Novice: 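For reference, the structure I am asking about is given below.
Chain letters run A, B, ... following the sequence lines, proteins first and then strands; every chain starts at 1. Here the structure is a predicted model, which means the values were calculated and not measured.
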Amino acid sequence: MLQQTQVAKVIPFFERFLTSFPTPLALAAAAEDDVLAHWSGLGYYSRARNLMQAARIVVERYGGQLPCNLQALQSLPGLGRSTAAAILSIGYEQRAPILDGNVKRVLARLFAVRGWPGEGSVQRQLWARSDAITPDYAPRAFTQAVMDFGATLCTRTEPACHTCPLTSDCEALRQDAVADFPQSRPARSKPVRAARFLVVKNGEGELLLIRNDLRHGVWQGLWIFPQCRPEDNPPAFLKSTYGLDAEPIASVPAFRHTFSHYHLDIHPLILRAARRASTNCKLRLQWCGHRKPLPGGVPTPVQRLFGQFSAP
DNA sequence: AAGCCGGGGAC
DNA sequence: GTCCCAGGCTT
C-alpha cells in the first residue's frame, strides 16, 4: 500500500484491510472483489492483485509465512528490491539497504548526487550510497530511522537544516544548494484525452455499471460506466454494444481526471433506460443503487458520479 | 530506457 | 496548473 502512496493516506486503508485479511491465509482465501473493495480509492490496483497472488504463493510454497531472504521475497509479485529489503530489515532484523523516495532525497542531498533519481545511472549511485551507509547493527531501527529522517527532517520542501544533526556531513548544504537536490523529473506535458461517461438510470433509479477490460488500459477489471468517444452517438453506442435502449435526459458539465501519464476530460451524459430495457451480456453488467450497493473496485470519478446521480 | 499504472496532498 | 509520494511491471 505504501508504494507511491503517502503514509497518512494509507493508514485507514491498512487498518480496514488487516481487520478483514489479517494473515496471508485469509487473504489467499478471499474473494477478489472483496479485496478490491478494500483497495477502492487507493489507486494502482495491480498492487492489490499482486498482493493476492503473493499471498497464495506464500501459503502454498512457504507455509503461510513470508520467506526471510532477499531473493525469495523479491520474486513475489509486487515486491521489488526496496520493498523486499524493507521487509527483511524491519520484519526479520537482517541488514538490507532500501531505496524509497525518502532515502533517495536524503542521499541525493547528503552526497550531492546530480541528476533525476528516476534515471538509471543516478539510481545505481543511490543504491551504492544506501548500501554504504547501512550498518551491520540494528537493521530494523536503521531502516525506520533513515525513512523517518527523510519524512520529518530532510523533507522535500523546507528541510529543517537548522536542527539537522548531519549539517557537517551534508555536501548539498556545504555547497549551499540543498534546494537543488534531488533534481526534479524532466518536465513532460501530459496529453489530454476525452471520453463520454454514459450514466444510464433505470426505473428504480439504479445506475448501470460494466466491468472494464482486464487486459489493458487504466482501471483494469474495475466497475465503471459505459464509455464512448465524445463524437459517438450515445444511444446508438449503447444499442450496438450492450443491446440497450436508452435516451438522454441530461448532460453534466465536463470535469478533468488526471492520471500519472495523461489528463482525461470526462463528459458525463445521463440517460434513462427504456422500460423493458434488456442487455445482451449480463456477466459484465450490473445495476447498482438503493437495492444493490457498489461492488468492489470502483474508481474515484465513477464513485463521484454514482453518489450524485444514484437516487431512488 | 521509457512507458504504464491512481489518487491525493502540498504548493 | 505541477511535482511527488514507504515502486514495480511490461515493453
Novice: Assign A/Val7 to base, sugar-phosphate, or nothing according to its heavy-atom contacts below 4.0 angstrom with the strands shown.
Specialist: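 If one applies the 4.0 Å heavy-atom cut-off, A/Val7 turns out to touch a base.
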
Novice: Does A/Thr157 put a side-chain nitrogen or oxygen below 4.0 Å from OP1 or OP2 of B/dC11?
Specialist: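 Yes, within the criterion.
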
Novice: Describe the nucleic acid contact of A/Arg105 in one word from base, sugar-phosphate, nothing, applying a heavy-atom distance below 4.0 Å.
Specialist: sugar-phosphate

Novice: Look at the side chain of A/Asp100 and decide which nucleotide, out of C/dG1, C/dC4, C/dA6, has an atom nearest to it.
Specialist: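 In terms of side-chain proximity for A/Asp100, the closest of C/dG1, C/dC4, C/dA6 is C/dA6.
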
Novice: NZ of A/Lys190 versus P of B/dC4: gap in Å, rounded?
Specialist: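 Rounded to the whole Å, the gap is 12 Å.
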
Novice: Check this for me: does any side-chain nitrogen of one of A/Asp169 and A/Arg109 sit under 4.0 Å from a carboxylate oxygen of the other?
Specialist: no

Novice: Among C/dA6, C/dC5, C/dC4, which is the nearest nucleotide to the side chain of A/Arg185?
Specialist: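 Shortest atom-to-atom distance from the side chain points to C/dC4.
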
Novice: With nearest nucleotides of DNA chain B determined for A/Tyr44 and A/Arg124 from heavy-atom distances, which residue corresponds to the more 5′ nucleotide?
Specialist: A/Arg124

Novice: Where the side chain of A/Arg105 meets the backbone of A/Gly150, is there a donor-acceptor pair that is under 3.5 Å apart?
Specialist: yes

Novice: Give me the distance, rounded to whole Å, that separates B/dA1 from C/dC5 when you measure between the C1' atoms they each carry.
Specialist: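 Going atom to atom, C1' in each nucleotide, I get 22 Å.
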
Novice: Can you tell me how far the NZ atom of A/Lys239 sits from the CG atom of A/Leu244, to the nearest 0.5 Å?
Specialist: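 Output value for this atom pair is 8.0 Å.
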
Novice: Out of B/dG3, C/dC4, B/dG6, which nucleotide sits closest to the side chain of A/Gln6?
Specialist: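 Selected nucleotide (nearest to the side chain): C/dC4.
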
Novice: Kindly indicate whether a cation-pi arrangement holds for A/Arg193 with A/Phe259, taking the cut-offs as under 6.0 Å to the six-membered ring centre and within 45° of the axis.
Specialist: no

Novice: Which part of the nucleic acid, if any, lies within contact of A/Gly217, taking any heavy atom under 4.0 Å across all strands shown: a base, the sugar-phosphate backbone alone, or nothing?
Specialist: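 Answer is sugar-phosphate: A/Gly217 comes under 4.0 Å of backbone atoms only.
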
Novice: Need one value for A/Gly118: base, sugar-phosphate or nothing, where a base atom within 4.0 Å counts as base even if backbone is also close, heavy atoms only.
Specialist: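 Nothing, no nucleic acid heavy atom in range.
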
Novice: Which whole-number value in Å describes the distance from A/Tyr45 OH to B/dC4 C1'?
Specialist: 16 Å

Novice: May I ask you to say what A/Thr83 touches in the nucleic acid, namely base, sugar-phosphate or nothing, with a heavy-atom cut-off under 4.0 Å?
Specialist: sugar-phosphate

Novice: Please confirm whether the shortest side-chain N or O distance from A/Gln3 to OP1 or OP2 of C/dG7 is below 4.0 Å.
Specialist: no

Novice: Quick one: the side chain of A/Glu119 and the base of B/dA2, do they pair up donor-acceptor inside 3.5 Å?
Specialist: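 Answer no: no donor N or O sits under 3.5 Å from an acceptor.
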
Novice: Are A/Glu206 and A/Arg291 close enough, and set up right, to give a salt bridge (Lys or Arg N to Asp or Glu O under 4.0 Å), and what steps lead you there?
Specialist: CA-CA 8 Å; A/Glu206 297 170 317; A/Arg291 288 183 307 189; 3.3 Å; yes

Novice: Please check the phosphate of B/dC5 (OP1 and OP2 only) for any side-chain N or O of A/His261 closer than 4.0 Å.
Specialist: yes

Novice: What is the distance, to the nearest angstrom, from the CD1 atom on A/Ile266 to the C1' atom on B/dG7?
Specialist: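 Spelled out: CD1 on A/Ile266 to C1' on B/dG7 is 13 Å.
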
Novice: Can you tell which of C/dG7, C/dA6, B/dC11 lies closest to the side chain of A/Leu2?
Specialist: C/dA6

Novice: Classify the side chain of A/Thr5 and the base of B/dG6 as holding, or not holding, a donor-acceptor pair under 3.5 Å.
Specialist: yes

Novice: Rounded to the nearest Å, what distance is computed from the CH2 atom of residue A/Trp39 to the P atom of nucleotide B/dG8?
Specialist: 15 Å

Novice: Please determine if a side-chain N or O atom of A/His257 lies less than 4.0 Å away from the OP1 or OP2 oxygen of B/dG7.
Specialist: yes

Novice: Could you check whether A/Arg16 makes a cation-pi contact with A/Phe13, meaning its NZ or CZ is under 6.0 Å from the centre of the six-membered ring and within 45° of the ring axis?
Specialist: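 Yes, A/Arg16 and A/Phe13 form such a contact.
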
Novice: So which protein N/O to nucleotides 9-11 of chain C N/O distances come out below 3.5 Å?
Specialist:
unit_1 : atom_1 : unit_2  : atom_2 : d
C/dC9  : OP1    : A/Gly78 : N      : 2.9

Novice: Less than 4.0 angstrom between a side-chain N/O of A/Tyr262 and OP1 or OP2 of B/dG3, yes or no?
Specialist: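 Answer is no, no contact under 4.0 Å.
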
Novice: What's the gap between B/dG6 and C/dT11 when it is taken at their P atoms, as a whole Å value?
Specialist: 15 Å

Novice: Have a look at A/Leu99 and say if it touches a base, only the backbone sugar-phosphate, or nothing, with a 4.0 Å heavy-atom cut-off.
Specialist: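 The answer is nothing, as A/Leu99 stays clear of every strand by at least 4.0 Å.
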
Novice: Return whichever of A/Ser121 or A/Thr300 has its heavy-atom-nearest nucleotide of DNA chain B closer to the 5' end.
Specialist: A/Ser121

Novice: Do A/Ile98 and A/Ser82 come close enough that some side-chain heavy atom pair is under 4.5 Å?
Specialist: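 They are in contact (side-chain heavy atoms under 4.5 Å apart), so the answer is yes.
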
Novice: CZ of A/Arg188 versus C1' of C/dT2: gap in Å, rounded?
Specialist: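 From A/Arg188 CZ to C/dT2 C1': 12 Å.
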
Novice: Nearest to the A/Trp219 side chain among B/dC5, B/dG7, C/dC3, which nucleotide is it?
Specialist: B/dG7

Novice: Tell me yes or no: between the side chains of A/Asn50 and A/Arg47, is some donor less than 3.5 Å from an acceptor?
Specialist: no

Novice: Nearest whole angstrom, please: distance from the C1' of C/dA6 to the CZ of A/Arg81.
Specialist: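 Going from A/Arg81 (CZ) to C/dA6 (C1'), I get 16 Å.
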
Novice: Using atom P in both nucleotides, what's the gap between C/dA6 and B/dG3 to the nearest angstrom?
Specialist: 24 Å

Novice: Cut-off 3.5 Å, side chains only: do A/Gln4 and A/Ser260 have a donor facing an acceptor?
Specialist: no

